[in-house]
Each structure stands twice: as structure tokens, then as C-alpha cells.
Chemist: 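Okay, handing you the structure first.
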Amino acid sequence: MRRFASQKARNLISTATTRTRTRITSSPSPISSSTAVLRFLSTLHPHSPDSMASDYSSTPITIDTINPKVLKCEYAVRGEIVTIAQKLQQDLKDNPGSHPFDEILYCNIGNPQSLAQQPITFFREVLALCDHPSILDKSETQGLFSADAIERAFQILDQIPGRATGAYSHSQGIKGLRDTIASGIEARDGFRADPNDLFLTDGASPAVHMMMQLLIRSESDGILCPIPQYPLYSASIALHGGTLVPYYLDERTGWGLEITELEHQLKTAKSKGIDVRALVVINPGNPTGQVLGEANQREIVEFCKKEGLVLLADEVYQENVYVPDKKFHSFKKISRSMGYGEKDISLVSFQSVSKGFYGECGKRGGYMEVTGFNPEVREQIYKLASVNLCSNISGQILASLIMSPPKVGDESYESFSAEKEAILSSLARRAKTLEDALNSLEGVTCNRAEGAMYLFPCINLPDKAIKAAEAAKTAPDAFYAKQLLNATGIVVVPGSGFRQVPGTWHFRCTILPQEEKIPAIVSRLTEFHKKFMDEFRG
């Protein structure tokens, strides 16, 4: 079947090439291919470069008249450093050897498959069969796909209206897939989960936006967020017109979350007239990589219960725990084990197919589990979901698969378990190697990577470097990150994009580059840092 498809593609290409050659040969006035391309491009852009750069004063929209909330919104993970990196990458392609490195090493974003992590076979087999169900009836399919993938595809297709992945679904997601996810949550936590509490979304980000839309009425409404934080939270709070109320994680105690800090920041916000509506907790942490202990989680639940706050639990890295003395526990499990039920605490838990060991970022799958909201509010959440019609079906299928993977006795179980173990054990080794390397650098300290996909080292920059950054009108850690990129091709995100304790400087580095490339990253980083410190120490 694969050979047939490949041969068919080659035949199509050959036919197209022959037709093109025939047209060129028979043309009464032959045109060079470059001229043809230029003419084609000119049809796409009828205005000359001069006219493209002309005065836009006659257009109705200017930077001064767009929504000021958009201007206030920032997202450092894809910010200026990444833009520079993309230009360098194009320059390397156009002018090989033009820089002191031969490739750009993207350590800026949690995008595993872009850095050569392979997808989980079982997941992709099921997706392929669901997207092209006619091959389920072909004899060759039994030899190409595992029996349990075929069986799962039949089960899923029976749950989809019209058996079509290209059709809209219920706005909360396909009911049968929500049933599967709820069963997975029950198996994980040991407490009942209701499929009607689940809203399937295009990754976790739309779910976060949905809750911010629901909770934020004006700038007088505040959301408690950890600092450092994932920029999605500051961006979504800004876009929806609220106020970010910071609480600082304690770097000295491994990015600990102290209840006294929460109490202090809540009191301070109230004194300014801010009505704090919710508390965001990211566990495992992004960008900080810490994993919360059970006792700390119970304190957090008790704090939210006492203060009447919605607990927004970002749990997208729940599979990414690398140390033997820590284990992931969902806030749903913690709150139920404390005796708090549906009507005792408002809790929203976020999960995504983009992280874990699956890394299916481009498939855009995820969900939120919404508990502790009265029926009238639930109707409004459903209305917000309905505005977007539904999330994409492939992402919905993947969300069900990650919560219900192959089990012992299934044909795919051994290969699935081997793929999962290989990815997670490699991530743990990469995290440890980078952690040790960072801690060996002058003026750099890095807490251990307990989970997630990142390290967030603190850099003690010399005064001369800070003054150089001020002269360049940029933050000192952004100055360091740009210098690092231009010298080595390594892309990291300045800590200032995540916010940090004033006067401290950091950067976020993913652990995702291929394991065989980690030594090169360590070598380049070590050499650069020594030269940087030598230059700016005096």
C-alpha cells in the first residue's frame, strides 16, 4: 500500500514535469524559469516595493486606534529573540558559513516534535484510521496496523456523528470521547469524574482564555499568578482587561510556593481595590520545573476555599516528572481526598496533548475539567464554548488516547510502553546534563529539574554587562540571550519575559533538543559564557 502511494506520487510528479516541459518547449517566445517566477510573484504583489512602503495615512486603522489591550499583551516565547533566530536561520540557508555556527538550536519553546521527537505509534495509527476510515475494510490494513489500533478506531468512529472527522461535534467535544477521558481521570485520581464537566479545546490555551473571559469583568478584577509565570497567563489577563496579581515563587527553596506569600499578595491587592477572583497554579512548573508536594497542595486548596477563589490548575506537564522523590497529584484528587466535593470548591484543571511524552503540539488537543460552578454559570461557560463551535476532531481523539493508552494484554502495549519510557528517560538525562552544565558556569545557579520541560537558571551578570544592556535599551537577560544567539545559534527566552524578582536575571532553556546534540549545546554555551564574563567582568 505504501509502495503504491509512493509510486502514484512519482507518476503524478513525472506527468506534471512532462507537461511543464512541453508547454515551455512549444512556447512561441521562450521565457526563462526565473522570469516566469518573477512574473508569477508580481501577480501576487501587484504593488511595487516603493508603493508598498508608501504613506498609509488614508487607511482607517493605525497603531494608535487598535485595541490598547492588544498593545499591552506580550508573549516572550515567540518574541524578539525568536525573530532574530529565524532571520539567522534563513541567512545560514542563503549564505552557508556566514556565521560561527552551522545550525540554529531552538531551546525556546516546548515543541518536542520540531526537535525530532517521534510521535507515539499507537496514537498515530488510530488517528490515521479515523481520518481515512475506508482503509479499515482493506485486507492490507491488518498487516500495517496493530489490532488494538484498528479496534480503537472502530470504537471512536462509532462515537462520531456521521463517522466523519471533518464534521463539527458537540461544543464540549464528542460525548463518547469525553466518557473515555472521564474514565481516565477516575483511574488516575480514584475519584469520580463526570463527562459533562469536560470541555475539549484546541490545546489548553483556549481553555485558559475561556476562563479569563468568564472571570474578568474589568481592571478591578485580579488573577493571582506565579512569578515566574508562563506568558499565556499575563497575555490572556491583559487581553481580557484584568489585573495580574503576582505571587513570587521562592527560588532559594527550589521555587517553593509559600502560603504566606499568597496571603501577603492577596492583602496587598485588596488594599488597592482589586477583587481577586482566582489563583493560577502551574504544576509541574513552567518555566521553573518544580513539582509540588501533597502537603503544599493541601495548603493551596485550603487557601482557595478560605478566600473564595477559583483554583485554576495548569497540569499539562503531569507526565513529566523526573525525580524519584516527587510524584504528580492532581488538584482534583487532593481536594476530593480532603473531603471537598462539587459544591465546596471551584476548580478548573487544564490538560493538553502538546506536552507529556506525546508532544503533539500541532494537533491542538486538550481539555479543561470544570467543577464547583452552579448551573447558571455552567450555561455561560457552554455558551463561550459554543461561540467557537467545537475544537478540532483530531485533537479530541488524541485527548482521549492520552487518557486511555494501550493496556497490558493489548498488542500495542509493549511497544507503547517502550516508546514512552525511552522518551521520558531521555528527557530526564538531558535535564540532568544541562542542569549540571549550567551550575558549573561562573555566576550561574540552577535549581534541579524535577519536572516539565525547562530549566530556569539565575545569571549574576556583571555591572558592565548591565550597563551595556541599558545602553542598548534592553533588559540585561535579553542582552545576554541575544549575545548567546549571535555567537552560538542557541535560542533561549530571557527571564524578563516570564517576570522575575526585581534585580534578578534568568533565562528559560528547554531540555528538548535531541540527546546527541546536548553535548554540543553544553560546549557552545560554556565557551560563550566564559568569553562573555571575561569581556564584561572588568
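The model shown is predicted, which means the values in this text are computed figures rather than measured ones.
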Chemist: Atom CZ of R364 and atom OG of S205: how far apart are they, to the nearest 0.5 Å?
Modeler: 5.5 Å
Chemist: Does S335 form a side-chain contact (heavy atoms from CB on, under 4.5 Å) with Q297? I'd like the steps, not just the answer.
Modeler: CA-CA 9 Å; S335 62; Q297 288 184 267; over 6 Å; no
Chemist: Would you confirm whether S234, through its side chain, and P231, through its main-chain N or O, come within 3.5 Å as a donor-acceptor pair?
Modeler: yes
Chemist: If only atom types and distance count, is the side chain of K363 paired as donor or acceptor with the main-chain N or O of A399 below 3.5 Å?
Modeler: no
Chemist: Keeping R499 on the side-chain end and S496 on the backbone end, is there a donor-acceptor pair under 3.5 Å?
Modeler: no
Chemist: Look only at the side chain of D91 and the backbone of S98, and say whether a donor-acceptor pair between them is shorter than 3.5 Å.
Modeler: no
Chemist: Which pair of heavy atoms, one from I237 and one from L244, lies closest together, and at what distance?
Modeler: CG2-N, 3.7 Å
Chemist: Quick check: closest heavy atoms across E103 and R524, and the distance to 0.1 Å?
Modeler: O-NH1, 3.7 Å
Chemist: How long is the span from the CD1 atom in I511 to the CD1 atom in I521, to the nearest 0.5 Å?
Modeler: 11.5 Å
Chemist: Check whether any side-chain heavy atom of D477 sits under 4.5 Å from a side-chain heavy atom of F498, and report yes or no.
Modeler: no
Chemist: Per the ring pair (Phe, Tyr, Trp, His ring centres under 6.0 Å) rule, what does the pair list look like for residues 478-497, sequence neighbours excluded?
Modeler: F479-F536, Y480-F507, Y480-F528, Y480-H529, Y480-F532
Chemist: Please determine if D436 and K432 form a salt bridge, counting it only when a charged side-chain N lies under 4.0 Å from a carboxylate O.
Modeler: yes
Chemist: So how far is it from F456 CZ to C509 SG, rounded to the nearest 0.5 Å?
Modeler: 11.5 Å
Chemist: Decide yes or no on side-chain hydrogen bond (donor to acceptor under 3.5 Å, both in side chains) for E369 and S349, but give the supporting numbers first.
Modeler: CA-CA 5 Å; E369 183 183 17; S349 306; 4.6 Å; no
Chemist: Within a strict 4.5 Å, meaning less than it, do heavy atoms of the I402 and Q351 side chains meet?
Modeler: yes
Chemist: With side-chain contact (heavy atoms from CB on, under 4.5 Å) as the criterion, how do V522 and L434 come out once you've worked through the C-alpha distance, each side chain's angles and the decisive distance to 0.1 Å?
Modeler: CA-CA 7 Å; V522 169; L434 286 169; 4.1 Å; yes
Chemist: Can you tell whether the side chains of K270 and E307 come within less than 4.0 Å, N to carboxylate O?
Modeler: yes
Chemist: Ignoring hydrogens, what is the shortest heavy-atom contact between P284 and F328? Give both atom names and the distance.
Modeler: CD-CD1, 4.2 Å
Chemist: Is there side-chain contact between D202 and N388, with at least one heavy-atom pair below 4.5 Å?
Modeler: no
Chemist: Is there a salt bridge (Lys or Arg N to Asp or Glu O under 4.0 Å) between K332 and E315? Walk through the geometry before answering.
Modeler: CA-CA 11 Å; K332 167 88 171 295; E315 299 176 337; over 6 Å; no
Chemist: For a 4.5 angstrom cut-off between non-hydrogen side-chain atoms, does I81 reach V492?
Modeler: no
Chemist: I need the L224 CG to Q229 CD distance, nearest 0.5 Å.
Modeler: 12.5 Å
Chemist: I'd like to know if the side chain of N296 and the backbone of L292 have a donor-acceptor N/O pair within less than 3.5 Å.
Modeler: no
Chemist: Taking Y247 for the side chain and E263 for the main chain, is one N or O donor matched with an acceptor at less than 3.5 Å?
Modeler: no
Chemist: Any heavy-atom pair between the side chains of N447 and Q290 that's under 4.5 Å?
Modeler: no
Chemist: Could you check Y230 against V280 for side-chain contact (heavy atoms from CB on, under 4.5 Å), going step by step and ending with a plain yes or no?
Modeler: CA-CA 10 Å; Y230 176 45; V280 173; over 6 Å; no
Chemist: Please give me the minimum heavy-atom distance between I518 and P513, naming the atom from each residue.
Modeler: CD1-O, 3.9 Å
Chemist: Checking E450 side chain against V323 main chain: does a donor-acceptor pair fall under 3.5 Å?
Modeler: no
Chemist: Output, in order, the C-alpha distance, side-chain angles, deciding distance and verdict of side-chain contact (heavy atoms from CB on, under 4.5 Å) for L311 and L309.
Modeler: CA-CA 6 Å; L311 176 51; L309 302 178; over 6 Å; no
Chemist: For the pair S171 (side chain) and L389 (backbone), establish whether a donor and an acceptor sit closer than 3.5 Å, ignoring hydrogens and angles.
Modeler: yes
Chemist: Could you tell me whether D325 and R448 have a side-chain N and a carboxylate O separated by less than 4.0 Å?
Modeler: yes
Chemist: Taking all non-hydrogen atoms of both residues into account, name the closest pair between M212 and S236 and its distance.
Modeler: CG-OG, 3.6 Å
Chemist: When rounded to the nearest 0.5 angstrom, what is the spacing between CE in M210 and CD in Q380?
Modeler: 13.0 Å
Chemist: With heavy-atom distances below 4.5 Å as the criterion, would you say the side chains of Q265 and Y248 are in contact?
Modeler: yes
Chemist: Quick one: do R124 and E360 make a salt bridge, cutoff under 4.0 Å?
Modeler: yes
Chemist: Nearest 0.5 Å, what's the NZ-OG1 distance between K482 and T474?
Modeler: 4.0 Å
Chemist: Is there side-chain contact between T488 and L525, with at least one heavy-atom pair below 4.5 Å?
Modeler: no
Chemist: Using atom types as modelled and distance alone, determine if a side-chain donor or acceptor of S346 lies under 3.5 Å from a backbone N or O of F373.
Modeler: no
Chemist: Salt bridge check: are R537 and E442 linked by an N-O gap of less than 4.0 Å?
Modeler: yes
Chemist: Testing the 3.5 Å rule here: is there a donor-acceptor pair between the side chains of Y233 and D314?
Modeler: yes
Chemist: Do the side chains of E299 and E302 get nearer than 4.5 Å, heavy atoms only?
Modeler: no
Chemist: Enumerate the residue pairs fulfilling salt bridge (charged side-chain N to carboxylate O under 4.0 Å, His left out) with a member in residues 250-260, sequence neighbours excluded, ordered by first and then second residue.
Modeler: D250-R252
Chemist: Where the side chain of D275 meets the backbone of S220, is there a donor-acceptor pair that is under 3.5 Å apart?
Modeler: no
Chemist: State, to 0.1 Å, how close R508 and G110 come at their nearest heavy-atom pair, and which atoms those are.
Modeler: NH2-N, 4.3 Å
